[in-house]
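Quick caveat, the model's predicted, so the values are computed rather than measured.
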Amino acid sequence: MLIPSAYRQTPSEQGCYNGQIVMGGALSQMASALAQLSHCKFLGEAHYQVSHTTYSTLWGAEQFGARLNGGTRVRTTYKTYEYNFLYQSTALSERLALLMVYGADYSAGNVSIKAEARATGSNSYTGTVLDYGIEFTAPTYLTALSTPLGEAVPSDQWAFTGCRSVAVGNPLSTDPLDRPRPLVIPSANRGELLNIKITVNSLSLVAVHIYDVYQLQVTP
Amino acid sequence: MSNSFTSTPTLVDPSRLTAGQTIRTTEVVRLADLQNYIFATGGTHNVVSQMFDDLCFIQDSTTYVRMCEWMVPLLSKEHDSLVINVSGYCPTAANATARFTLTMDDSTTYTTEISITDSNRYNSVFNQGTISITGSHTGDTAELLMELKAPSGQEAVILGVQANWQPLTSPLSTGTLQADTLSYIPQGQTRQGADKPLSSRFGVETLANINTLRARGRVLLNWSGVEGASSALAITVAAAPPRAIGPGDLPTFYSPAAVFSGTVEEGLTLKAYVNAQNLGVGDSFEFIVMGNTLTISANGWAEFELDLMQDELELSDQFGLSMYRAGLDQRNANINGIASPTYPPSTTGYVAGLCIIGV
């Protein structure tokens, strides 16, 4: 079945009254409108902004602006630096696209972002691995500048897994990680609270957007 | 007459809804199932999602300090459990505590307290609490306040906050269900059986239910500044989280989010909720969200309807959906206004929270 993305006009209510002949078209429009809601509008999404310290040698701690001077500070501690993004998935969370905002500093070391999906049994950060995931590296997938300024302030860049349906190399393998693709969630874990664990190197994470991938066609 | 549904839902076979085909009970049963599923689960993904770098969101007070506020959409009166997950730590055996208070339109409040059990960054577990709404309230949004306190001589650090409404389980309750001023009538499965007539009621109620579900909100952006951070550590390393939108935020302070064609034609609206602080009497400021100029003239939360007047993002091609920039615009009015270093929150009115709810 094709899944519409638009709010199409629904059939006339009067057409459903007693004495009216209900045509297949009316039911088809209802089916289409409901499929749009279940398989498009109410797909899961989460939009994380990552707040960083605002302290600046220029103006102290005015506590405004998460990112100073149009850029993101890459601190020396951002080496194998872990974040755990909690994501309440839906029954239709088959694949998760990740769209991230970052600033990277090549001079601080090798630049990378690793992302994996984990279950959250017992609220643990180290729950069962559902997809060992992917790795973005520079310069192929990330834009990193060499700014030898100590804790550098590079401008924001975007990293995206894409939404395409890519064959998973091996979701239960840790080495090598796949190149960027949507994370794959096993059917048994869809609808659960998931942990999207992201590990960064020489890179400051500014925002992480997580999306259930919309599919244009679904087999009933 | 069970108002049941299946998860994952089963779609209708479109080839059975064309001219010349009889309308089978299979299709009608699936339509009933699907709308019940959508009512129960639609919009139960994250309504609050925010992450904080280490030592940013920190508190050493032994009494509760107001620190964050978000606006969350209410899905229906049946969705009465807001699940909140907190990642944080406190380097002591005595737990720090976060208190969350949900304030409804009629000022009724509901609270939960969450003990933070980890002793260092992502040591072991996140902690969970649930706010249960027991009364009946009008309105389509509620304010969520977060307060934090630490044990004596210790400091509590928050790394992340996530919240979502608990999905309903099958079957749905009987009778008409309310979503603010709109109604949803659950569809009983036994009424759709082969030995029952296809009633006018089914068609009329299904159309009304679709309109109710189309109006349900979903969070496109939800950000809160952090107020009152405090630490014994030097300000160069701790307790300087952003409490206001400001310099450097504009280029990427937005969510690429889908807004569906037909939104305007269906009379549906996107809304922005702005939490302003530090405005004096007679003060006001303007800023631009999704092409709309919002005028802020009072402290606290204000609601604005947004006209859709932006161009789509190029990302639309990748998502297969019409994607828009849900957040701040990078325009001169913002660059020279709220995001200018000449308007620090210590001396001028500022944006302490921004929430955009789409449909």
Side-chain angles (χ1 to χ4, degrees), chain A residues 1 5-8 10 13 16-18 24 27-28 30-31 33-35 37-38 41-42 44-55 59 61-71 82-84 86-88 90-92 99 101 123-125 156 162-163 206-207 209 214 216 218 220, chain B residues 7-9 11-14 17-19 21 23 31 34-35 38 42-43 45-46 49-53 56 85 87 122 125-126 128 162 164 200 203-204 206-207 210 213-214 221 223 235-236 240-244 246-249 251-252 255 260-263 266 318-321 344-346:
Chain A
M1 179 181 191
S5 61
Y7 291 127
R8 293 180 180 170
T10 50
E13 181 186 298
C16 301
Y17 285 176
N18 288 336
L27 280 186
S28 179
M30 291 180 195
L34 288 169
L37 290 167
S38 63
K41 171 176 175 171
F42 288 126
E45 58 189 312
H47 303 284
Y48 279 94
Q49 296 290 328
V50 184
S51 296
H52 294 262
T53 180
T54 59
Y55 178 78
W59 54 68
E62 260 296 354
Q63 291 187 255
F64 62 166
R67 291 149 284 186
L68 303 176
N69 293 329
E82 172 187 329
Y83 294 94
N84 291 277
L86 298 177
Y87 179 68
Q88 177 59 47
T90 72
L92 302 173
L99 180 57
V101 184
N123 295 351
S124 174
Y125 295 119
D156 292 351
C163 295
V206 177
H209 306 278
Y214 162 74
L216 181 62
V218 175
Chain B
S7 181
T8 308
L11 294 171
V12 174
D13 181 355
L17 300 176
T18 56
Q21 298 281 351
I23 298 173
L31 286 178
L34 187 54
Q35 56 193 290
I38 298 165
H45 51 268
N46 292 29
S49 315
Q50 199 162 341
M51 189 67 77
F52 307 90
D53 208 0
C56 240
N85 294 298
S87 297
Y122 295 130
V125 297
F126 58 89
Q128 188 173 85
Q162 182 272 349
N164 62 276
S200 167
V204 172
T206 295
L207 292 175
I210 289 169
L213 294 167
R214 281 182 172 180
L221 176 80
W223 176 86
I235 193 70
T236 52
R243 61 173 177 156
D249 281 339
T252 57
S255 303
F260 309 113
S261 300
T263 296
E266 288 294 307
Q318 300 257 11
F319 282 90
L321 298 168
S346 58

>> Does any backbone or side-chain atom of B:Leu31 lie under 4.5 Å from a heavy atom of chain A? Answer side chain, backbone, both or neither.
In response: both
>> Please classify the contact of B:Leu207 with chain A as side chain, backbone, both or neither, using a heavy-atom distance under 4.5 Å.
In response: side chain
> Using a cut-off of under 4.5 Å for heavy-atom pairs, which of A:Asn84, A:Thr10, A:Leu27, A:Val218 has the most such pairs with chain B?
Replying inline: A:Asn84
> Looking only at atom types and distance, does a side-chain atom of A:Thr53 sit under 3.5 Å from a main-chain N or O of B:Cys56, one as donor and one as acceptor?
Replying inline: no
> How many angstroms lie between atom CG of B:Leu34 and atom CE of A:Met30, to the nearest 0.5 angstrom?
Replying inline: 13.0 Å
> Do A:Tyr17 and B:Val204 have side-chain heavy atoms sitting under 4.5 Å apart?
Replying inline: yes
> Looking only at heavy atoms, which two atoms of A:Phe42 and B:Leu213 are closest? And how far apart?
Replying inline: CZ-O, 3.7 Å
> Side chains of A:Ser51 and B:Pro241: closer than 4.5 Å at any heavy-atom pair?
Replying inline: no
>> Using heavy-atom distances under 4.5 Å, tell me whether B:Gln21 contacts chain A through its side chain, its backbone, both, or neither.
In response: neither
>> Looking only at heavy atoms and a cut-off of under 4.5 Å, which of B:Gly203, B:Gly42, B:Pro14 has the most pairs with chain A?
In response: B:Gly42
> Where do A:Leu34 and B:Ile38 come nearest, in terms of heavy atoms and distance?
Replying inline: O-CD1, 3.4 Å
>> Please classify the contact of A:Val101 with chain B as side chain, backbone, both or neither, using a heavy-atom distance under 4.5 Å.
In response: side chain
> Does any heavy atom of chain B fall under 4.5 Å from the side chain of A:His209, the backbone, both, or neither of them?
Replying inline: side chain
> Picking from B:Ser346, B:Ala240, B:Pro9, which has the most non-hydrogen pairs under 4.5 angstrom with chain A?
Replying inline: B:Ala240
> A:Leu216 versus chain B, heavy atoms under 4.5 Å apart: side chain, backbone, both or neither?
Replying inline: neither
> For the residue pair B:Leu11 and A:Ser38, what are the closest heavy atoms and their distance?
Replying inline: CD2-OG, 4.3 Å
> Does the side chain of B:Gln162 reach to within under 4.5 Å of the side chain of A:Tyr48, using non-hydrogen atoms?
Replying inline: yes
>> Once rounded to the nearest 0.5 Å, what's the spacing between atom CE of B:Met51 and atom NE2 of A:His52?
In response: 10.0 Å
>> For A:Ala207, which atoms come within 4.5 Å of any heavy atom of chain B: side chain, backbone, both, or neither?
In response: neither
> Quick one: of B:Gly246, B:Ser200, B:Ser87, who has the most non-hydrogen atom pairs under 4.5 Å with chain A?
Replying inline: B:Ser200
> If you take all heavy atoms of B:Phe319 and A:Cys163, which pair is closest and at what distance?
Replying inline: CD2-SG, 3.6 Å
>> Heavy-atom pairs under 4.5 Å with chain A: which of B:His45, B:Gln128, B:Gln318 has the most?
In response: B:His45
>> Quick check on the interface: out of B:Gly262, B:Pro345, B:Ser7, who has the most heavy-atom pairs with chain A under 4.5 Å?
In response: B:Pro345
>> If you compare all heavy atoms of A:Lys41 against all heavy atoms of B:Arg214, which two are closest, and at what distance to 0.1 Å?
In response: NZ-O, 2.7 Å
> Are any side-chain N or O atoms of A:Asp156 and backbone N or O atoms of B:Gly248, one a donor and one an acceptor, separated by less than 3.5 Å?
Replying inline: no
> At their closest point, which heavy atom of B:Glu266 faces which heavy atom of A:Tyr7, and how far apart are they?
Replying inline: CG-CB, 3.8 Å
> Under a 4.5 Å heavy-atom cut-off, does chain A meet the side chain of B:Thr206, its backbone, both or neither?
Replying inline: side chain
> What distance separates B:Asn85 CG from A:Tyr87 OH, expressed to the nearest 0.5 Å?
Replying inline: 14.5 Å
>> With a 4.5 Å cut-off on side-chain heavy atoms, are A:Gln49 and B:Leu221 touching?
In response: yes
